[in-house]
Student: 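Before I ask anything, let me first share the structure, which is written out below as structure tokens.
Both counts, for ligands and for their atoms, begin at 1 and track the order of listing. Here the structure is a predicted model, which means the values were calculated and not measured.
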Amino acid sequence: MEYSKLVELYEQLDSTQSTLEMTSILAEFFRENDELLEDIVLLAMGRPFPYWKNMDIGISSKTMLEIIEEATGRSKSEIEEVWRDEGDLGYAAEEMVRTKTQRKLGSKDLTVERVVDTLEKVAKMGSGGGETGKVSMDKKKSEVSALISDADPVEAKWIARTFIENLRLGVGEGTIRDALSEAFFEGEYKESIQRAYDLTNDFQEVARACREGIEKVESLEIEVFRPIKSMLAKKVESIEEGFEEVGKPAAIDYKYDGVRAQIHIKDGEVKIFTRRLEDITEQFPDAVEAIKNHVNAENAIIDSEIVAYDPEDGSSIPFQQLSRRVKRKYDIQKLKREIPVEVRPFDLIYLEGSMIDTPYSQRYESLENIVSERKQELRMVDHDVTDDPERVHELDQAALSEGQEGIMMKSVDAVYKPGNRVGYMVKLKPVMETLDLAVIGAKWGEGRRSGWLSRLKLGCWSEEKQEYVMIGRMATGLTDEELGEITERLKPLVIEEDGRDVTVKPDVIVEAEYEEIQKSPNYSSGYALRFPRLKSFRDDKEDADSLEKVQNLYDGQ
Ligand code: AMP
């Protein structure tokens, strides 16, 4: 197909902002150009290869500038000027070709096939550093430059935009899905097409199936070594809301601050993909090793989080540091020692066949059956099943105190929905902004806690009343060590005792975390903190936060 024909499509798409209009323009083109359908679909999205194929064009804007220079004989500063003025390298390419100094006669015709070939060739050349890197970059440049040399001005614009992967058309996955549905099924079966795409992440395959008929589309299935879209989580504000979303009982997992890793095992070989479907197998030889040693399956897809830990003391370290390993393609062995990782599996997507329609609790059980745990290599996530909000709260506290992000709540009987932020799993929103509060009272403990002051009454400062007003009780989640310290600090401040209840001089200020602020008639402030817990002692502070601040936070929730 002549490239100019595709360029006509681009120009048509470019002339409208309306997604509906784009959909019908595309649908018509798909219908009329059956033979190159698979290529057109990708070219229209401006994303020539699925992310997971590890094929990267690797041409930056700066390189494109040099390519335009090479192809048109115009100076860098001229090109840069247009680029700066218009903010679009494609337009710069168009202008430079229009006013090109070296005119070649009898250029070879540009075809879509030739552009696609060049895209593949360029992606296969790689883009490493060093001498070989330079050679391959020079080769890449001359491949693309040859295309631009043979292009007319408008074609040059679209070639430039294609190779820097910025078409500026706004044709997304949804538009392609709708256009395929319109082109082949009179606007029907959008859901089936979406499903096929979620499972394959490959519009070439989906387009091919559309041409063959809806049965083919609906028969597309998950394949190992081809990542599927990860199921995403909704956010909830409270444990109750979590239960409302996922039902009772619910599975509760720790939420780790690591990298989502979709592990594929095929005939014993392992590949790891991120949530963005990038292949990160090379970056994590230690995770691959752990999976080979501790997962007993020939063909499987496992959803997991890769978590980093401190090699000195084993404590978990946050994603920010781990992210260095995700991007890095060299010094992998060194980084592996500096930032070792542990794999934490939490769901099973495939086991000798698709599992996505199997209820979660069964998927989890099957996962447990194929995993043998080993600390600092591979362990199931911390996990429990409960219908008790107190237990959920306890797990949330425990997760937070171990430095994790909190918890996920999951529906025990839900299927696995790829790519969807459905409410089958929810993340409990992390704590709100902390409050600095005065300890205004406490209670002597009983049983194991006798001799200790606990159940701290917390107060904020009321400007109006010129006194502390109560806003909550800090009851759970205090360690023995903290109770000891609290008792020692409060004992000398006791001004009144009434049975086990004591009133203290408000000299100790604590920084409190909590789940939310509620209105409450039970406390003199008119507000109550849900599940307040101790974050730190504020020895640097003499005054607690005001009731006004509490009111503001409440309004902002
Ligand atoms: P967010 O990135 O805030 O939308 O939260 C969802 C992410 O939490 C997932 O994509 C995972 O990377 C991560 N995560 C950590 N632990 C778990 C777990 N136990 N179950 C599911 N996702 C988890």
Side-chain angles (χ1 to χ4, degrees), residues 51-52 198 201 227-239 241-242 245-246 249-264 272-278 280 283-284 287 301-309 316-323 325-327 341-349 355-356 359-368 371 373 378-386 391-392 394-412 414-432:
Y51 295 125
W52 51 271
D198 287 339
N201 279 299
I228 80 162
K229 288 199 182 147
S230 296
M231 179 158 72
L232 303 175
K234 266 193 190 169
K235 200 190 248 177
V236 291
E237 306 282 335
S238 67
I239 293 169
E241 197 190 333
E245 219 28 270
V246 304
I252 314 297
D253 284 2
Y254 277 19
K255 181 174 192 290
Y256 305 93
D257 188 16
V259 181
R260 181 83 173 257
Q262 197 177 95
I263 297 164
H264 288 235
I272 306 176
F273 300 95
T274 64
R275 176 162 135 183
R276 301 222 159 70
L277 314 178
E278 288 144 341
I280 49 163
Q283 287 93 309
F284 288 98
I301 303 177
I302 294 169
D303 209 348
S304 75
E305 188 87 351
I306 291 183
V307 188
Y309 62 87
S316 42
I317 56 180
F319 170 72
Q320 256 133 318
Q321 287 189 52
L322 175 59
S323 69
R325 284 195 59 176
V326 178
K327 293 262 167 290
V341 296
E342 182 173 35
V343 183
R344 309 299 306 256
F346 57 74
D347 208 338
L348 184 61
I349 297 169
M355 298 278 286
I356 60 170
Y360 166 79
S361 53
Q362 279 175 36
R363 298 199 306 274
Y364 195 86
E365 210 181 295
S366 305
L367 178 60
E368 281 182 306
V371 159
E373 298 191 306
L378 185 143
R379 273 181 302 165
M380 298 292 289
V381 288
D382 292 282
H383 167 97
D384 199 3
V385 177
T386 182
R391 172 72 184 134
V392 181
E394 209 177 284
L395 288 164
D396 190 34
Q397 298 284 293
L400 291 169
S401 72
E402 282 176 34
Q404 310 303 348
E405 284 192 322
I407 51 163
M408 312 282 301
M409 298 176 71
K410 301 178 178 182
S411 167
V412 286
V415 298
Y416 190 99
K417 267 267 182 222
N420 259 336
R421 210 169 278 288
V422 283
Y424 297 162
M425 76 175 185
V426 298
K427 54 190 170 193
L428 188 62
K429 198 177 164 202
V431 286
M432 329 274 293

Student: Do Phe346 and His383 have ring centres separated by under 6.0 Å?
Tutor: no
Student: Around atom 2 (O) of ligand 1, find the nearest protein heavy atom and jot down its residue, atom name and distance.
Tutor: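 I find the closest protein heavy atom is Arg275 NH1, 3.3 Å.
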Student: Identify which of Glu305, Met231, Lys427 has a heavy atom lying nearest to atom 11 (C) of ligand 1.
Tutor: Glu305
Student: Write out the residue and atom name of the closest protein heavy atom to atom 16 (N) of ligand 1, then the distance separating them to 0.1 Å.
Tutor: Tyr256 N, 3.1 Å
Student: One residue to check: Met408. Relative to ligand 1, which of side chain, backbone, both or neither has a non-hydrogen atom less than 4.0 Å away?
Tutor: side chain
Student: Got a second to check how far Ile228's CD1 is from Ile349's CD1, nearest 0.5 Å?
Tutor: 4.5 Å
Student: Which residue holds the protein heavy atom closest to atom 19 (N) of ligand 1, what is that atom called, and what is the gap in Å?
Tutor: Tyr254 O, 3.0 Å
Student: List the steps and the verdict of side-chain contact (heavy atoms from CB on, under 4.5 Å) for Val326 and Gln283.
Tutor: CA-CA 6 Å; Val326 178; Gln283 287 93 309; 5.5 Å; no
Student: When you look for heavy atoms under 4.0 Å from ligand 1, do you find them on the side chain of Lys235, its backbone, both, or neither?
Tutor: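 The answer is neither.
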Student: Tell me: protein heavy atom nearest atom 6 (C) of ligand 1, and distance?
Tutor: Lys255 CE, 3.9 Å
Student: Between Asp382 and Arg344, does at least one N-O distance fall below 4.0 Å, as a salt bridge requires?
Tutor: yes
Student: Spell out, as yes or no, whether a donor-acceptor pair under 3.5 Å connects the side chain of Glu405 to the backbone of Asp257.
Tutor: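 No, the answer is negative, given that no donor and acceptor are paired below the 3.5 Å cut-off.
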Student: At under 4.0 Å between heavy atoms, which part of Phe346 makes contact with ligand 1: side chain, backbone, both or neither?
Tutor: side chain
Student: Run down the list Arg344, Lys410, Lys234 and name the one with the heavy atom closest to atom 20 (N) of ligand 1.
Tutor: Lys410
Student: Could you find the nearest protein heavy atom to atom 9 (C) of ligand 1 and give me its residue, atom name and distance?
Tutor: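 Looking at atom 9 (C) of ligand 1, the protein heavy atom closest to it is Arg260 NH1, 3.4 Å.
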Student: Give me the one residue out of Glu342, Glu368, Glu373 that meets salt bridge (Lys or Arg N to Asp or Glu O under 4.0 Å) with Arg379.
Tutor: Glu342
Student: Among Asp384, Thr386, Asp396, find the residue that satisfies the side chain to side chain donor-acceptor pair (under 3.5 Å) test when tested with Arg391.
Tutor: Asp384
